[in-house]
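All remarks here apply to the structure that follows.
Reminder, nothing fancy here: chain letters follow the sequence lines and each chain counts from 1.
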Amino acid sequence: MRIDYNCEYFNIKDTLECGQVFRFNHYKDGYLVYSADKCAYVHTDGGKTLIDSDDGDYFYRYFDLDRDYGKIVGAALSYEIPLLSKSASLCKGLRLLNQNKEEMIYSFVISQNNNIPRIKGIINKICTRLGERMSSPYGEYYAFPSSSALAGADVSVFSEAGAGYRDGYLSSISKRICDEGIAKLENLSTEELKKELLTYKGIGPKVADCVALFAFKKTDSFPVDTWIEKVYFEDFNGKLKDRKKITEYFVNSFGEYSGFIQQYLFYGKRLNL
DNA sequence: TACCAGGACGTGC
DNA sequence: GCACGTCATGGT
């Protein structure tokens, strides 16, 4: 089935390439997007962003289509911060995805002290090796592996995929989730969720913020990585050095809009706006 | 060659 | 509690 949505506040390029998601490929005049075991073909035509998939409900929620981004962009512009205004106005079609929770946990554990092209490659290799083989009208692909598939794999599978020293984290976390599930992560406040995520070996404050934001849609989260640190020093005249305190500073400034604004700033900085 | 990339852990104090 | 060295890997 097909979903069509006005492209003013839904730009597929910005939404996919802003760094929140690692599983997508260029395809024809658009993109193939993968989430968990699902796949969609997304492209733009005649002022509409079109989503073709066999699970419209899933991708309607995935792309966060039930949310007013005009209001969010308006709030971002109201701060009159040059980098933020440039990014929010130029990338107002950037949407925060609702991604699969377990997939986000593993993906952002891989992301630590790493760069985006490598992260994508490592995840792709792990999916190819351990994920279920799927077919779609656009060709075959591999689902993101279940936690039991990850837990059953030898740690060498992760190192051979290029995960480096993070291989043990992936084994440890997948075994824990395979045993106990992630039910205890549900229905928590942002603070409670982040605190619980920190009990997984390999998840620190930054990854916990990313998982809270990109998987649990805790929009009062503000992940601070090397790029956001640069933003803080160069565009906010920041003086703090502790990343957790920088997170606090931004969340105190932007409240429930923190996660959206973080993404505008991160993407805008990487685009050198 | 040294430094960087969506950082976290273990140790020592 | 905090500072610091270390942890794979590939690109520049």
Side-chain angles (χ1 to χ4, degrees), chain A residues 14-24 83-84 87 91 94 96-97 99-101 103-126 129 154-174 176 194-219 221-236 238-251 258-273:
Chain A
D14 292 334
T15 296
L16 294 178
E17 296 188 354
C18 70
Q20 62 178 324
V21 54
F22 304 107
R23 289 209 299 143
F24 60 91
L83 175 63
L84 179 55
S87 183
C91 311
L94 191 169
L96 275 197
L97 303 172
Q99 302 192 65
N100 179 268
K101 292 166 183 171
E103 179 171 344
M104 286 297 92
I105 289 173
Y106 302 118
S107 296
F108 277 96
V109 164
I110 292 167
S111 81
Q112 66 176 253
N113 199 26
N114 211 338
N115 60 62
I116 291 176
R118 281 200 73 238
I119 297 163
K120 293 176 68 172
I122 293 165
I123 292 172
N124 186 50
K125 284 174 190 159
I126 291 174
R129 181 70 188 275
D154 190 272
V155 67
S156 63
V157 171
F158 304 124
S159 45
E160 284 166 10
Y165 68 90
R166 311 164 193 81
D167 56 356
Y169 299 155
L170 296 172
S171 284
S172 161
I173 294 174
S174 61
R176 177 172 166 186
K194 288 201 271 187
K195 184 178 176 186
E196 182 62 29
L197 286 167
L198 290 178
T199 66
Y200 292 79
K201 186 172 295 184
I203 298 185
K206 189 272 175 182
V207 170
D209 264 309
C210 285
V211 173
L213 179 59
F214 299 133
F216 290 82
K217 217 43 174 285
K218 300 292 192 184
T219 64
S221 301
F222 201 103
V224 176
D225 68 331
T226 57
W227 290 96
I228 289 294
E229 214 169 40
K230 252 178 258 181
V231 169
Y232 175 67
F233 293 132
E234 296 175 7
D235 298 276
F236 287 79
K239 302 299 179 195
L240 299 171
K241 297 216 166 177
D242 179 31
R243 286 191 176 186
K244 282 161 76 175
K245 290 187 176 173
I246 298 175
T247 292
E248 277 182 41
Y249 163 79
F250 279 121
V251 173
S258 293
F260 303 98
I261 288 175
Q262 193 270 2
Q263 222 31 45
Y264 295 138
L265 292 171
F266 174 82
Y267 189 42
K269 199 64 173 174
R270 296 196 72 221
L271 292 176
N272 200 21
L273 294 182

**Request:** Kindly determine whether A/D235 and A/K269 satisfy salt bridge (charged side-chain N to carboxylate O under 4.0 Å, His left out), including the steps that lead there.
**Result:** CA-CA 10 Å; A/D235 298 276; A/K269 199 64 173 174; 2.8 Å; yes

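A/F222 pairs in a ring-ring contact (aromatic ring centres under 6.0 Å, His included) with only one of the listed residues (A/F236, A/F260, A/F250, A/Y249), which is A/F250.
Counting any heavy atom pair closer than 4.0 Å across all strands shown, A/E229 reaches no nucleic acid atom. Across all strands, A/V109 comes closer than 4.0 Å to no nucleic acid atom at all (heavy-atom distances). Within 4.0 Å (heavy atoms only), A/Y200 reaches sugar-phosphate atoms of the nucleic acid but no base atom.
Separating the CG atom of A/N114 from the P atom of C/dT9 is a distance of 11 Å, rounded to the nearest angstrom. A straight line from CZ of A/R166 to P of C/dT9 spans 9 Å, rounded to a whole angstrom. Atom P of nucleotide C/dT9 and atom NZ of A/K120 are separated by 22 Å, given to the nearest angstrom. Atoms CD1 (A/I228) and P (B/dG7) sit 11 Å apart, rounded to a whole Å. Rounded to an integer number of Å, the gap from A/I119 CD1 to B/dG7 P is 7 Å. The separation between A/K230 atom NZ and B/dA5 atom C1' is 9 Å, rounded to whole Å. Look at CZ on A/F108: it is 16 Å from P on B/dA5, rounded to the nearest Å. Spacing between atom CH2 of A/W227 and atom P of B/dA5 amounts to 6 Å, rounded to whole angstrom units.
Each of A/P223 and A/G202 was matched to the nucleotide of DNA chain B holding its nearest heavy atom; the match closer to the 5' end belongs to A/P223. Mapping A/I203 and A/R270 onto DNA chain B via the closest heavy atom, the residue that lands nearer the 5' end is A/R270.
A gap of 15 Å separates the P atoms of C/dA8 and B/dT11, to the nearest Å. Taking the P atoms as reference points, C/dT6 lies 14 Å from B/dA2, given to the whole Å. Atom P of B/dA8 sits at a distance of 24 Å from the matching atom of C/dG11, rounded to the whole Å. Look at the P atom in both B/dC3 and C/dG5: the space between them is 13 Å, to the nearest Å.
Counting only N and O atoms by type, the side chains of A/R176 and A/S171 include no donor and acceptor under 3.5 Å apart.
Residue-to-nucleotide contacts include no donor-acceptor pair under 3.5 Å from the side chain of A/Y169 to the base of B/dG7.
When the side-chain nitrogen and oxygen atoms of A/K201 are compared with OP1 and OP2 of B/dG10, one or more of them lie within a distance under 4.0 Å.
Closest to the A/R118 side chain, of the nucleotides B/dG7, B/dA5, C/dT9, is C/dT9.
In this pair, A/F108 and A/F214 present their aromatic rings parallel. The plane angle is below 30°, not in the 30 to 60° band.
In this structure, the separation between SG on A/C18 and CG on A/L97 is 7.0 Å, given to the nearest 0.5 Å.
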